[in-house]
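Structure first, commentary second.
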Amino acid sequence: VCTGQYTAPYMTWHITVDGHYAYIACWWDGVRIIDFSDPSNPTCVAHVLGWYSGAPPEDYCYAEDVAKSGNYLYIIDYGPFPNDDTKGLYIVDVSNPQDPVVIYRYSDLQSEGYGIDAIGNYVYVADKNGGLEVIDVSDPLNPATTAYCPLPDVAYDVTVSGNYAYVANYILGGLQVVDVSDPSSPFIAGYYKRTGCFAMKAATQGNLVYVADGPAGFQVYNHIALQPGIDDEYSETSLSILYQNSPNPFRYSTTFKFSLKEASYVKLSVYNIRGQQLATIVDENMKPGYYEIPWSPANEDHALTNGIYYYKLEVGDKTFVKKMMLMR
């Protein structure tokens with residue numbers, strides 16, 4: 001039974017609830033704060049970073065998702081319109097929900113965030129480019145990205161519970177489970193791959209993880225039964241294994257790691273997000289074994305800017321691809 005209703009002038013995109021307040025991401029209408037202490041009469045008590053009609057104000061954003069931790073509300077804007085300088089993580093003091101104060105916009109994040117969650121001093125951003133970015137917000141006036149964990153596909157949503165971030169990772173990734181016990185060094189602990197169609201949203205309760213899976217409906221997974229964090233193509237019967245580069249993100253140099261089960265022709269290359277080849281690291285016949293290949297983009301003919309890059313390992317007729325991030 002519907003006991004009450006509030007209709008936003010434009011749209012209601014995402015929502016988070018704390019106490020008797022609902023914080024609604026309304027896209028170009030920013031965020032509206034709804035007091036539902038009387039559920040039969042929910043009332044808008046504040047409106048921030050948005051507009052409904054006429055010209056936009058000086059400060060506005062396209063509120064894609066919201067998360068709250070302590071006295072702060074976090075709003076993600078992935079920058080849908082390049083001509084509008086709005087992309088960023090917005091930090092809003094909502095210690096008084098009826099008088100929210102925007103205190104900072106962190107525009108240096110690497111992600112194009114579709115979803116966020118906030119726990120303690122960290123904000124977790126689901127990157128539509130395929131990854132999870134971790135941002136330290138212990139100083140709200142000086143937030144900083146501490147880590148980036150590449151994922152197989154578009155990250156639509158993230159929810160954090162305990163030591164894990166559960167990421168709805170669209171078609172290729174299903175539900176990815178990222179260990180964030182050390183937020184500065186997240187890694188894929190396992191996955192449920194793949195879900196019925198394409199994972200769009202995730203939620204948790206206890207050991208259960210709930211996934212909204214597009215036209216495939218709704219699935220429930222038991223985290224106790226988590227699969228090992230290793231892709232099918234890298235199983236024990238595979239001819240080769242390509243590991244995640246380390247460190248990642250990296251500043252000046254990183255190391256590529258892989259193992260070969262038999263002698264093979266091997267090519268290891270680096271590409272940008274447009275698919276342009278930037279460097280060839282290995283191009284030769286190699287014996288079976290485990291290899292660590294250091295690489296520094298400073299040694300190449302072209303300087304690389306901060307961002308996401310791909311590295312591809314070709315072993316005979318097999319190809320493996322992973323993501324990495326340069327962040328200086």
Side-chain angles (χ1 to χ4, degrees), residues 6-36 42-118 121-129 133-146 155-158 305-307 327-328:
Y6 172 81
T7 302
Y10 179 57
M11 68 168 64
T12 51
W13 200 251
H14 288 289
I15 186 172
T16 189
V17 175
D18 186 31
H20 56 83
Y21 290 101
Y23 302 83
I24 302 175
C26 301
W27 214 50
W28 77 39
D29 196 34
V31 169
R32 289 177 177 260
I33 302 176
I34 311 301
D35 183 343
F36 58 91
T43 304
C44 181
V45 296
H47 181 209
V48 64
L49 289 168
W51 83 103
Y52 172 58
S53 61
E58 182 177 349
D59 295 318
Y60 68 97
C61 75
Y62 296 93
E64 175 74 10
D65 199 1
V66 288
K68 186 177 181 293
S69 180
N71 289 327
Y72 295 102
L73 182 72
Y74 302 94
I75 307 168
I76 193 69
D77 178 340
Y78 69 93
F81 304 109
N83 291 334
D84 293 345
D85 181 20
T86 63
K87 179 182 175 181
L89 175 71
Y90 292 77
I91 303 176
V92 183
D93 185 336
V94 289
S95 52
N96 178 1
Q98 300 189 28
D99 186 25
V101 178
V102 179
I103 60 174
Y104 198 81
R105 173 170 73 118
Y106 177 54
S107 58
D108 292 333
L109 75 167
Q110 299 298 314
S111 301
E112 295 185 35
Y114 271 170
I116 60 172
D117 200 4
N121 291 326
Y122 294 93
V123 172
Y124 301 84
V125 181
D127 181 12
K128 79 170 195 176
N129 292 318
E133 182 172 358
V134 184
I135 301 173
D136 184 338
V137 290
S138 55
D139 180 356
L141 294 176
N142 188 32
T145 296
T146 63
Y156 268 97
D157 189 36
V158 57
T305 58
N306 287 353
M327 189 170 63
R328 292 175 177 154

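Just so we're clear, the structure is a prediction, and the values are computed from it rather than from any experiment.
The structure places CG of Leu89 at 10.5 Å from OH of Tyr104, a figure rounded to the nearest 0.5 Å. For the atom pair Cys61 SG and Asp29 CG, the distance stands at 10.0 Å (nearest 0.5 Å). Here the CG atom belonging to Asp35 is positioned 6.5 Å from the OG1 atom belonging to Thr43, to the nearest 0.5 angstrom. Distance check, rounded to the nearest 0.5 Å: CG of Asp157 to CG of Asp65 gives 6.5 Å. For the atom pair CG of Asp108 and CD of Gln110, the computed distance is 8.0 Å after rounding to the nearest 0.5 Å. For the atom pair OH of Tyr52 and OH of Tyr10, the computed distance is 10.0 Å after rounding to the nearest 0.5 Å.
In this structure, Asp59 and Leu49 have side chains that are in contact, with non-hydrogen atoms separated by less than 4.5 Å. Counting heavy atoms from C-beta on, the side chains of Tyr114 and His14 never come closer than 4.5 Å. Looking at Val92 and Val31, their side chains never come closer than 4.5 Å, going by heavy atoms from C-beta outward.
Residues Gln98 and Pro100 come closest through the heavy atom pair C-CD, 3.6 Å. Taking every heavy atom of both residues into account, Ile34 and Pro42 meet most closely at CG2-CB, 3.7 Å. Of all heavy-atom pairs between Pro140 and Ile103, the closest is CB-CD1, 3.6 Å. The minimum heavy-atom distance linking Val66 with Tyr23 is given by the pair CG2-O, 3.4 Å. For the pair Ala63 and Ala25, the tightest heavy-atom approach, listed with the atom from each and the gap, is O-CB, 3.5 Å.
Partners of Ala8 according to the side chain to side chain contact (heavy atoms under 4.5 Å, CB included) rule, which considers only residues two or more places apart in sequence or in another chain, are Tyr6, Thr12, Cys26, Arg32. Scored by the side-chain hydrogen bond (donor to acceptor under 3.5 Å, both in side chains) test, Asp77 finds Thr86 as partners (sequence neighbours excluded). Partners of Thr145 under the side chain to side chain contact (heavy atoms under 4.5 Å, CB included) rule, at least two apart in sequence or in another chain, are Tyr106, Glu133, Ile135, Met327.
Using the six-membered ring where Trp is involved, Trp51 and Tyr60 have ring planes that are perpendicular, over 60° apart on the 30 and 60° scheme. Ring geometry for Tyr74 versus Tyr72: interplanar angle of 30 to 60°, hence tilted.
Using a distance-only test at 3.5 Å, with no hydrogens or angles considered, a donor-acceptor pair links the side chain of Asp127 to the main chain of Glu112. For Asp136 (side chain) and Thr146 (main-chain N/O), no donor-acceptor pair under 3.5 Å exists by modelled atom type. Under a 3.5 Å cut-off, the side chain of Lys87 and the backbone N or O of Ser111 do form a donor-acceptor pair.
In this structure, the ring of Tyr62 has its center less than 6.0 angstrom from the ring center of Trp27.
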Worked verdict on Val48 versus Ile33 for side-chain contact (heavy atoms from CB on, under 4.5 Å): CA-CA 8 Å; Val48 64; Ile33 302 176; 5.5 Å; no
